[in-house]
Amino acid sequence: QVMMVESGGGSAQAGGSLSLSCEIHADSVYTQWNACLGWFRQAPGKEREPVATIYTSGTTTYADSVKGRFTISKDTTGTTVALLMNRLEPEDTAMYYCAADFFVSFCRFEPSAFAHWGQGTRVTVSS
């Protein structure tokens, strides 16, 4: 059984920073090998979109809209994944979700590839 719990988020002014964290509760056989962890977001009236992913090896992928502003990271055990968001823009306002895909050889940058999801945490950026 896998459970993912997000924390962080909240409100910020444009240009500010927020950080998100996600704890992954699962047997170590899931988290330490061949796992892809990711952050996704969904704005009102829009489809869920990928923000950033990180593979067990540390390889990262970012959406063009957040490159240079957001940083995804994970701990060595693979049980915590974080998203540091700098230079926030009003367009970053959305519900943010962490997700995990286990026993994979690479990350796929699409929501349908991820089987395990957190409950979501809201990020609001005002101009």
Side-chain angles (χ1 to χ4, degrees):
Q1 185 175 357
V2 177
M3 186 170 66
M4 305 182 69
V5 181
E6 295 119 336
S7 61
S11 299
Q13 295 281 340
S17 300
L18 287 172
S19 62
L20 307 179
S21 183
C22 176
E23 293 184 1
I24 303 164
H25 300 273
D27 189 272
S28 61
V29 69
Y30 287 92
T31 58
Q32 293 189 16
W33 303 102
N34 300 344
C36 180
L37 308 177
W39 286 96
F40 295 78
R41 67 186 182 187
Q42 187 166 17
K46 294 188 177 181
E47 293 186 353
R48 190 169 298 188
E49 62 178 9
V51 175
T53 60
I54 184 167
Y55 189 61
T56 299
S57 63
T59 300
T60 57
T61 303
Y62 294 92
D64 288 343
S65 59
V66 307
K67 279 181 182 176
R69 301 188 298 121
F70 290 12
T71 303
I72 188 172
S73 62
K74 64 178 181 68
D75 68 351
T76 55
T77 65
T79 58
T80 302
V81 58
L83 185 69
L84 175 61
M85 305 180 290
N86 293 322
R87 291 186 283 139
L88 284 163
E89 302 170 355
E91 293 74 22
D92 297 319
T93 295
M95 187 72 82
Y96 283 70
Y97 300 88
C98 64
D101 191 20
F102 299 115
F103 308 117
V104 294
S105 56
F106 61 94
C107 284
R108 287 182 290 170
F109 207 62
E110 53 189 73
S112 62
F114 290 76
H116 306 283
W117 293 84
Q119 79 285 358
T121 185
R122 187 171 301 278
V123 170
T124 303
V125 183
S126 57
S127 57

- request: Could you note down all residue pairs passing ring pair (Phe, Tyr, Trp, His ring centres under 6.0 Å) where residues 68-101 supplies at least one of them, sequence neighbours left out?
  value: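 Every candidate ring pair (Phe, Tyr, Trp, His ring centres under 6.0 Å) pair involving residues 68-101 fails, so no pair, neighbours aside, qualifies.
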- request: Mind checking side chain to side chain donor-acceptor pair (under 3.5 Å) for Tyr55 and listing every partner two or more places apart, or none if nothing turns up?
  value: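 Tyr55 satisfies side chain to side chain donor-acceptor pair (under 3.5 Å) with Asn34 only.
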field: Test side chain to side chain donor-acceptor pair (under 3.5 Å) applied to Thr59 - qualifying residues, sequence neighbours left out
entry: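 Applying side chain to side chain donor-acceptor pair (under 3.5 Å) to Thr59 gives Ser57.
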task: If a pair satisfies salt bridge (Lys or Arg N to Asp or Glu O under 4.0 Å) and one of its residues is in residues 35-44, list it, with sequence neighbours excluded.
output: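 The answer is Arg41-Glu49, Arg41-Asp92.
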- prompt: Can you list every salt bridge (Lys or Arg N to Asp or Glu O under 4.0 Å) pair that touches residues 76-90, not counting sequence neighbours?
  reply: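 As it turns out, the salt bridge (Lys or Arg N to Asp or Glu O under 4.0 Å) pairs with a partner in residues 76-90, which skip direct neighbours, are Arg69-Glu89.
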task: Say whether Met95 and Val5 are linked into one hydrophobic cluster, either directly or through other cluster members, by side-chain heavy-atom distances under 4.5 angstrom.
output: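 Shared cluster, no.
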field: ILVMFWY cluster, Trp39 and Met3 together (side-chain gap under 4.5 Å)
entry: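 In one cluster: no.
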message: Using modelled atom types and a 3.5 Å cut-off, is there a donor and acceptor pairing between side-chain atoms of Asp75 and backbone atoms of Thr80?
response: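 Yes.
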message: Looking at Thr124 and Thr93, would you say the former's side chain and the latter's main chain have a donor-acceptor pair under 3.5 Å?
response: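 No: the side chain of Thr124 does not pair with the backbone of Thr93.
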- prompt: Measuring from Thr79:OG1 to Lys74:NZ, what's the distance to the nearest 0.5 Å?
  reply: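 So the OG1 of Thr79 and the NZ of Lys74 are separated by 10.0 Å.
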message: Restricting to non-hydrogen atoms, name the atom on Thr71 and the atom on Tyr62 that form the minimum distance, rounded to 0.1 Å.
response: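 Closest approach of Thr71 to Tyr62, heavy atoms only: CA-OH, 3.4 Å.
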message: Using the salt bridge (charged side-chain N to carboxylate O under 4.0 Å, His left out) criterion, which residues pair with Lys46? Sequence neighbours excluded.
response: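 Result, salt bridge (charged side-chain N to carboxylate O under 4.0 Å, His left out) vs Lys46: none returned.
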What pairs of donor and acceptor atoms, side-chain ones from residues 7-23 against any protein atom, are under 3.5 angstrom apart with sequence neighbours left out?
from  : atom 1 : to    : atom 2 : distance (Å)
Ser17 : OG     : Asn86 : OD1    : 2.7
Glu23 : OE1    : His25 : NE2    : 3.4

- request: Go through the structure and list residues passing side chain to side chain contact (heavy atoms under 4.5 Å, CB included) with Gln119, not counting sequence neighbours.
  value: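 Result, side chain to side chain contact (heavy atoms under 4.5 Å, CB included) vs Gln119: Glu6.
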message: Please identify which of these residues, Leu37, Val66, Leu83, meets the side-chain contact (heavy atoms from CB on, under 4.5 Å) condition with Ile72.
response: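 Single side-chain contact (heavy atoms from CB on, under 4.5 Å) partner of Ile72 among Leu37, Val66, Leu83: Leu83.
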Solution key, residues 102-117 side-chain donor-acceptor pairs under 3.5 Å, sequence neighbours excluded:
from   : atom 1 : to     : atom 2 : distance (Å)
Glu110 : OE2    : Ser112 : OG     : 2.9
Trp117 : NE1    : Phe114 : O      : 3.0

